[in-house]
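The structure under discussion appears below in the form of structure tokens.
Numbers here simply count residues along the sequence, with the first being 1.
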Amino acid sequence: MKSDAARQGLQAAPARSLFNALGQTEEEMKRPMVGIVSSYNEIVPGHMNIDKIVEAVKLGVAMAGGTPVVFPAIAVCDGIAMGHIGMKYSLVTRDLICDSTECMATAHQFDALVMVPNCDKNVPGLLMAAARLNIPTIFVSGGPMLAGHVKGKKTSLSSMFEAVGAYSAGKISEDELYEYECKTCPTCGSCSGMYTANSMNCLTEAIGMGLRGNGTIPAVYSERLKLAKHAGMKIMELLEKNIRPRDILTKEAFENALTVDMALGCSTNTMLHLPAIAHEAGIELNLDIANEISNRTPNLCHLAPAGRHYMEELEEAGGVYAVMKELADIGLLHTDLITATGKTVGENIANAYNKDPEIIRPVDNPYRKDGGIAVLKGNIAPDSGVVKRSAVVPEMMVHSGPARVFDCEDDAIAAILGGKIVAGDVVVIRYEGPKGGPGMREMLNPTSAIAGMGLGSSVALITDGRFSGASRGASIGHVSPEAAVGGPIALIEEGDIIDIDIEANTLNVRLSDEELAARRAKWQPREPKVTTGYLARYAKMVTSANRGAILEIK
């Protein structure tokens with residue numbers, strides 16, 4: 001056992017004395033030591049129940065003959081961090097989570113790990129750590145929130161943000177806004193639509209690192225405690241069989257994840273996280289293949305904010321496995337891959353079936369014949385830009401309009417809420433990328449304000465920042481290269497005509513190459529917005545969004 005280095009033999013006697021100080025018995029010290037990475041905290045609604053999940057995992061590990069040992073991972077609530085400097089500290093935690101987990105697991109020589117994440121950067125950060133450490137690992141999340149109910153309609157966090165825009169436009173009263181405030185988020189759990197947290201938790205099933213239901217069983221259901229116990233038991237089987245993350249996280253597994261991503265209509269943030277996880281697994285995941293996979297993958301689900309369905313309904317309809325079965329039946333998945341269940345993808349989904357064709361459309365009746373996400377390129381985005389195509393209204397799939405240029409999110413929000421943005425405009429928010437932000441803030445406030453003010457079918461937004469999974473509309477993010485490194489988005493001027501063609505995967509400004517070159521010759525880099533602390537170090541090391549905003553030593 002790996003943990004023998006810390007617990008067996010003469011030289012480990014001092015360490016054993018410290019295990020004695022922990023109250024561990026000789027029997028516990030002879031069993032495999034399983035680290036349980038707990039993301040519990042009291043600030044993130046998606047994490048406030050994780051203490052109960054962790055206790056269930058511990059029981060499962062002990063039942064199966066292991067010694068469970070809990071240690072923490074941090075997590076940021078994107079909703080609470082939204083719209084102020086705190087959002088600069090969201091994406092950047094992904095690498096802190098990965099690095100700190102590597103430190104803890106290696107320093108203490110754990111034999112295996114059970115990751116217990118839930119929210120946006122927490123899941124990919126721990127997946128990155130799993131790939132880097134490559135010891136037997138399984139995931140069990142905290143689970144999604146139940147949908148809220150306002151005036152007889154189900155709601156989610158995006159409903160709340162859009163209500164702010166509706167109030168600013170005089171469409172709802174202050175009392176109605178307060179009702180949304182009180183009823184939109186009714187339980188613990190990751191926010192109830194197909195936002196980034198739920199997208200990534202669903203993809204843990206698709207990529208093979210979690211058990212059935214990990215992405216969809218609601219946080220408040222007792223079934224999730226059973227799932228946690230089974231995960232605790234299953235890790236002992238993975239340890240016995242020596243099934244490790246890199247056995248699971250193969251190139252074909254990432255192709256499966258991208259395929260399920262397109263069918264579910266996941267958050268555009270998956271286009272940041274999957275390449276970063278692949279990088280840790282020693283695989284280059286070029287976003288060029290995203291369109292190839294999207295072009296052949298039908299979009300089967302329209303969960304909030306793209307549609308009126310919620311995570312609890314996806315679970316009732318058969319969950320991720322039911323979606324995978326639809327895709328596998330037409331040959332779109334690699335089914336012979338090993339997974340954290342100890343079985344192959346094909347064995348996992350053999351008995352899955354679609355229980356509700358309204359929630360999960362059959363492959364012969366999809367919402368679209370192609371997938372939920374598109375990667376755009378053009379003279380604004382030579383490397384890439386990303387849009388959640390399944391959340392764009394038909395009339396905005398092709399759009400041309402004048403650029404309304406803002407060098408930060410805050411100025412754009414003020415203009416939108418101030419009524420200065422009108423139908424036909426293309427809002428450009430730049431210097432918000434991984435390096436320029438720094439930290440690549442989410443633009444949920446501006447996109448929600450646009451939707452809430454009734455402009456969602458007439459105004460587009462492009463940015464080198466990113467979007468929450470809660471964003472909808474013609475919202476194109478991750479524009480690369482970013483403005484801070486002199487990407488073409490930095491050269492756009494107020495009034496330039498921008499052409500967006502999501503069907504053709506293009507994003508261009510109507511300027512000649514000569515004009516762009518002339519503007520580039522005059523462009524000067526901006527002074528860094530942050531010069532001290534973690535963000536300053538992050539800005540110096542981070543790569544572009546099309547590479548997953550990974551950190552590199554240059």
R94 and D99 ion-paired at < 4.0 Å: no

Side chain proximity check, K540 to P528, heavy atoms < 4.5 angstrom: no

Considering all heavy atoms, the nearest G142-I50 contact: CA-CG1, 4.1 Å

Side-chain donor or acceptor of E482 paired with backbone N/O of S544 under 3.5 Å: no

Check: H47 ring centre within less than 6.0 Å of Y40 ring centre: no

Working for side-chain contact (heavy atoms from CB on, under 4.5 Å), residues Y195 and L157: CA-CA 9 Å; Y195 309 146; L157 185 63; 4.2 Å; yes

Sidechain-backbone polar pair: N445 side chain, S448 backbone, donor-acceptor under 3.5 Å: no

Presence of salt bridge, E494 and R404, under 4.0 angstrom: yes

Residue I80 excluded, over 12 heavy atoms near CD1 under 6.0 Å: yes

N198 side chain vs C191 backbone, donor-acceptor pair below 3.5 Å: yes

Residue E395 excluded, over 12 heavy atoms near CD under 6.0 Å: yes

Non-hydrogen side-chain atoms of H399 and I502 separated by less than 4.5 Å: no

Exceeds 12 heavy-atom contacts within 6.0 angstrom, atom CE of M104: yes

D411 side-chain N/O to C408 backbone N/O, donor-acceptor pair under 3.5 Å: no

R472 and E162 ion-paired at < 4.0 Å: yes

Pair N201, N118: side-chain N/O donor-acceptor within cut-off below 3.5 Å: yes

T463 side, atom OG1; H478 side, atom NE2 - distance, nearest 0.5 Å: 9.0 Å

Expected output: side-chain N299 to main-chain R368 donor-acceptor under 3.5 Å: no

Residues R389, D370: salt bridge by 4.0 Å N-O rule: yes

Residue that, paired with D261, satisfies side-chain hydrogen bond (donor to acceptor under 3.5 Å, both in side chains) out of N256, T270, T268: T270

Nearest-0.5 Å distance that lies between atom CD in E442 and atom CZ in R466: 4.0 Å

Minimum side-chain heavy-atom gap V398-I500 below 4.5 Å: no

R526/D407 ion pair, N-O < 4.0 Å: yes

For the student: nearest non-hydrogen atoms of T101 and L133, plus distance: O-CD1, 4.1 Å

Neighbour count above 12 (heavy atom, 6.0 Å) for R520 CZ: yes

V116 backbone acceptor or donor facing S39 side chain under 3.5 Å: yes

Electrostatic pair D95-R537, nearest N-O below 4.0 angstrom: no

Under 3.5 Å side-chain donor-acceptor pair for K388 and S267: no

Between CG on residue L127 and CD1 on residue I277, distance to nearest 0.5 Å: 4.5 Å

Shortest non-hydrogen contact from S468 toward M82: CB-CE, 4.5 Å

Y167 side chain vs E174 backbone, donor-acceptor pair below 3.5 Å: no

Stepwise side-chain contact (heavy atoms from CB on, under 4.5 Å) check, M48 with E42: CA-CA 5 Å; M48 62 185 284; E42 294 183 342; over 6 Å; no

Residue of the set R519, R430, R510 for which salt bridge (charged side-chain N to carboxylate O under 4.0 Å, His left out) holds with E493: R519

Side-chain donor or acceptor of S173 paired with backbone N/O of E176 under 3.5 Å: yes

Closest approach of I550 to R547 (non-hydrogen atoms, all atoms of both residues): CG2-O, 3.6 Å

Note, F71 side chain near L113 side chain (heavy atom, < 4.5 Å): yes

Distance, nearest 0.5 Å, that separates NE2 of H84 from OH of Y89: 12.0 Å

Carboxylate-amine/guanidinium proximity below 4.0 Å for R441 and D410: yes

Approximate separation, where rounding is to 0.5 Å, of L272 CG and N546 CG: 9.5 Å

Backbone N/O of N214 and side chain of E205: donor-acceptor pair under 3.5 Å: yes

Pairing of K251 and E255 as salt bridge, 4.0 angstrom limit: yes

Under 3.5 Å: donor-acceptor pair, side chain of N134, backbone of R244: no

From R132 atom CZ to T106 atom OG1, the distance as rounded to the nearest 0.5 Å: 9.5 Å

